[in-house]
K.L.:
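Below is the structure I would like to discuss, written out as structure tokens.
Below, chain A is the first sequence line, B the second, and so on; all start at residue 1. Nothing here was measured: the structure is a model prediction, and the numbers come from that model. Below, each value reflects all heavy atoms present in this structure, side chains not excepted, and no hydrogens, waters or symmetry copies.
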There are 2 protein chains.
Amino acid sequence: MAIKFDAALGTSVVVFAFDGENLISLVGAKSEEPYRGAPMLPTNWVKANESVEDVAKRMMTRVLGMDQIYLEQLNAFARVYRNPMGRVVNIAYYALLNWDEVKNIKLQEGYRWVRNGEEPEMIFDHNEIYEMATERLKRRVKRRPIGFVLLPQRFTFNNIHALYQACLGKELDKRNFRKKFMRSELLIDTEETIFEAPGNKKPSRLYEFNQQKYEKLTLKGYDFKF
Amino acid sequence: MAIKFDAALGTSVVVFAFDGENLISLVGAKSEEPYRGAPMLPTNWVKANESVEDVAKRMMTRVLGMDQIYLEQLNAFARVYRNPMGRVVNIAYYALLNWDEVKNIKLQEGYRWVRNGEEPEMIFDHNEIYEMATERLKRRVKRRPIGFVLLPQRFTFNNIHALYQACLGKELDKRNFRKKFMRSELLIDTEETIFEAPGNKKPSRLYEFNQQKYEKLTLKGYDFKF
DNA sequence: TCAAAAGTGTTATCGCTACACCCATGG
DNA sequence: CCATGGGTGTAGCGATAACACTTTTGA
């Protein structure tokens with residue numbers, strides 16, 4: 001049987017950031033007919049000689065002007081009729097990035113940030129892709145320190161506490177959370193403090209992520225159970 | 001930008017079974033040039049109007065004469081040069097099935113069963129696909145009762161103990177394993193016994209999987225920690 | 001009665017959960 | 001001196017891990 005090269009390839013990226021309170025993600029809009037203007041995930045065609053991940057990365061650079069983004073393959077979305085124009089396989093990724101680095105970027109026409117849970121109805125199966133990304137994030141955050149990617153290099157305990165609550169979508173006891181995290185030794189106490197919000201009465205301690213410790217831990221795998 | 005439909009689509013399936021002692025999987029051989037005869041995972045082209053999962057299922061039916069197989073999407077393998085003939089995206093699945101139902105099937109030319117860890121070097125990135133499947137199985141077996149799919153409807157405690165050891169690749173204390181499993185109430189004691197191996201001195205009790213209990217459990221999610 | 005595999009319990013330790021008050025500071 | 005948010009400790013409970021002997025039965 002001869003090979004038929006008759007499918008098209010695309011990639012979408014679900015971009016997550018954390019603004020200190022909510023997970024935020026990036027929604028674009030379709031720039032061509034059909035459905036011009038309709039909300040969609042940032043998406044790009046992949047040519048036959050292009051690496052999917054490279055295309056996804058370049059798209060991030062184009063849209064956000066950022067290199068060096070945490071990207072992970074989510075899944076292939078390949079239903080026959082997901083795109084009415086023909087057989088399009090979408091290999092979707094999710095990306096995590098630091099809100100401080102992107103919040104002031106002027107987005108291109110059609111792009112905007114939305115809070116998790118407030119994403120619009122999107123074209124094709126993009127809501128399904130989005131959903132799978134939030135589920136993946138929920139699982140990953142328990143087993144790998146990807147949370148740190150969403151935070152600035154130095155952060156307060158309240159930052160990371162709020163982040164985990166946002167990712168997992170539930171409240172976590174402050175003391176227990178702190179104990180568990182401290183036991184893991186994944187945080188380095190910088191012994192410096194800041195006032196987290198202007199007008200706060202007491203300064204907060206700043207922490208950093210302990211990369212070395214993490215690398216040792218991963219060898220035998222680890223679990224947070226929240 | 002016009003869509004270019006210039007990629008080909010394929011699907012491979014990593015088939016697992018359990019023979020009472022080892023995980024077993026199915027390896028095929030390439031039937032056409034180039035690389036005719038080279039070991040590969042069971043693989044099929046997917047046409048532009050076909051569902052990937054349907055193709056994977058039909059391939060299982062063709063190769064093993066079985067319908068109703070547990071299938072789960074693994075990942076998309078899409079590196080540019082993974083297939084030297086052109087851009088081929090492989091959406092891979094893994095399948096779990098019952099050894100008793102397949103061990104006597106006469107396989108087609110080129111197909112054979114291999115023990116986990118003794119799989120041959122395969123074409124393209126098929127070893128990578130295989131590897132990812134075993135990792136996935138390892139994770140899944142802790143969180144979902146997929147083990148039961150690999151066992152006959154009624155099985156002894158030793159069967160399931162050996163299965164978990166094979167999936168996880170390590171020894172598990174017999175008593176602790178039994179306690180944990182019993183606590184979960186996922187097993188029904190049929191109160192019948194068999195001699196597991198001919199010549200055994202003491203008969204073993206037979207158990208069944210408790211589907212209802214599992215469905216209740218899944219609602220809130222569950223974890224085995226082995 | 002012995003050989004072989006099946007099956008069974010206890011203890012110490014650890015991690016989880018739930019829960020409420022003190023501390024430092026700026027106004 | 002008080003209002004605000006940051007930061008801390010304990011007790012009970014359930015799960016885990018480590019560990020070795022008894023039971024059943026056919027030969």
K.L.:
Is the ring pair Y130(A)/F16(A) parallel, tilted or perpendicular, if the boundaries are 30 and 60 degrees?
P.N.:
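The rings of Y130(A) and F16(A) sit tilted, inter-plane angle from 30° to 60°.
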K.L.:
Whether E135(B) and R139(B) form a salt bridge (side-chain N of Lys/Arg under 4.0 Å from carboxylate O of Asp/Glu) is what I want to check.
P.N.:
no
K.L.:
Please state how far atom CD in E191(A) lies from atom P in dG7(D), giving the value in whole angstrom units.
P.N.:
13 Å
K.L.:
Which residue in the set V55(B), N75(B), V52(B) passes side chain to side chain contact (heavy atoms under 4.5 Å, CB included) when paired with I91(B)?
P.N.:
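Exactly one candidate clears the test, V52(B).
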K.L.:
If only side-chain N and O atoms count, and only distance matters, is there a donor-acceptor pair under 3.5 Å linking E196(B) with N159(B)?
P.N.:
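Yes, a side-chain donor-acceptor pair sits under 3.5 Å.
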K.L.:
Checking side-chain contact (heavy atoms from CB on, under 4.5 Å) for the pair H126(B)/F77(B): CA distance, chi angles, key distance, verdict?
P.N.:
CA-CA 9 Å; H126(B) 286 201; F77(B) 294 82; over 6 Å; no
K.L.:
We want to know whether R58(A) and N44(A) form a side-chain donor-acceptor pair, criterion being a heavy-atom distance below 3.5 angstrom.
P.N.:
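No.
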K.L.:
Grab the CZ-C1' distance between F181(A) and dG7(D) for me, whole Å please.
P.N.:
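Taking CZ of F181(A) and C1' of dG7(D), I get 17 Å after rounding.
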K.L.:
Could you list by number each residue of residues 201-209 of chain A showing a heavy-atom separation from DNA chain C of less than 4.0 Å, or answer none if no residue does?
P.N.:
K201(A), K202(A), P203(A)
K.L.:
Please give, in whole Å, the distance from dA5(C) C1' to I194(B) CD1?
P.N.:
13 Å
K.L.:
Which residues, if any, of residues 152-177 of chain B bring a heavy atom under 4.0 Å of DNA chain D?
P.N.:
D173(B), R175(B), N176(B)
K.L.:
Classify the ring geometry between F157(B) and F177(B) as parallel (under 30°), tilted (30 to 60°) or perpendicular (over 60°).
P.N.:
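F157(B) vs F177(B) ring planes: perpendicular.
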K.L.:
Check nucleotides 11-16 of chain C for protein N or O atoms closer than 3.5 Å to its own N or O atoms and list the pairs.
P.N.:
residue : atom : partner : partner atom : Å
dC16(C) : OP2  : R183(A) : NH2          : 2.6

K.L.:
dA6(C) C1' sits how many Å from D189(B) CG, rounded?
P.N.:
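So the CG-C1' distance, D189(B) to dA6(C), works out to 14 Å.
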K.L.:
Could you go step by step and tell me if R82(A) and E128(A) meet the salt bridge (Lys or Arg N to Asp or Glu O under 4.0 Å) rule?
P.N.:
CA-CA 11 Å; R82(A) 57 177 296 283; E128(A) 203 181 314; over 6 Å; no
K.L.:
If I compare all heavy atoms of V27(B) with all of P39(B), which pair ends up nearest, and what's the gap?
P.N.:
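Minimum heavy-atom separation between V27(B) and P39(B): CG1-CB, 4.0 Å.
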K.L.:
Between D189(B) and R205(B) (salt bridge meaning N to carboxylate O under 4.0 Å), is one present in this structure?
P.N.:
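Salt bridge: yes.
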K.L.:
Starting from C1' on dT4(D), measure out to CZ on F195(A) and report it in whole angstrom.
P.N.:
12 Å
K.L.:
Can you tell me if T61(A) uses its side chain to pair, donor with acceptor, with the backbone of M66(A) under 3.5 Å?
P.N.:
yes
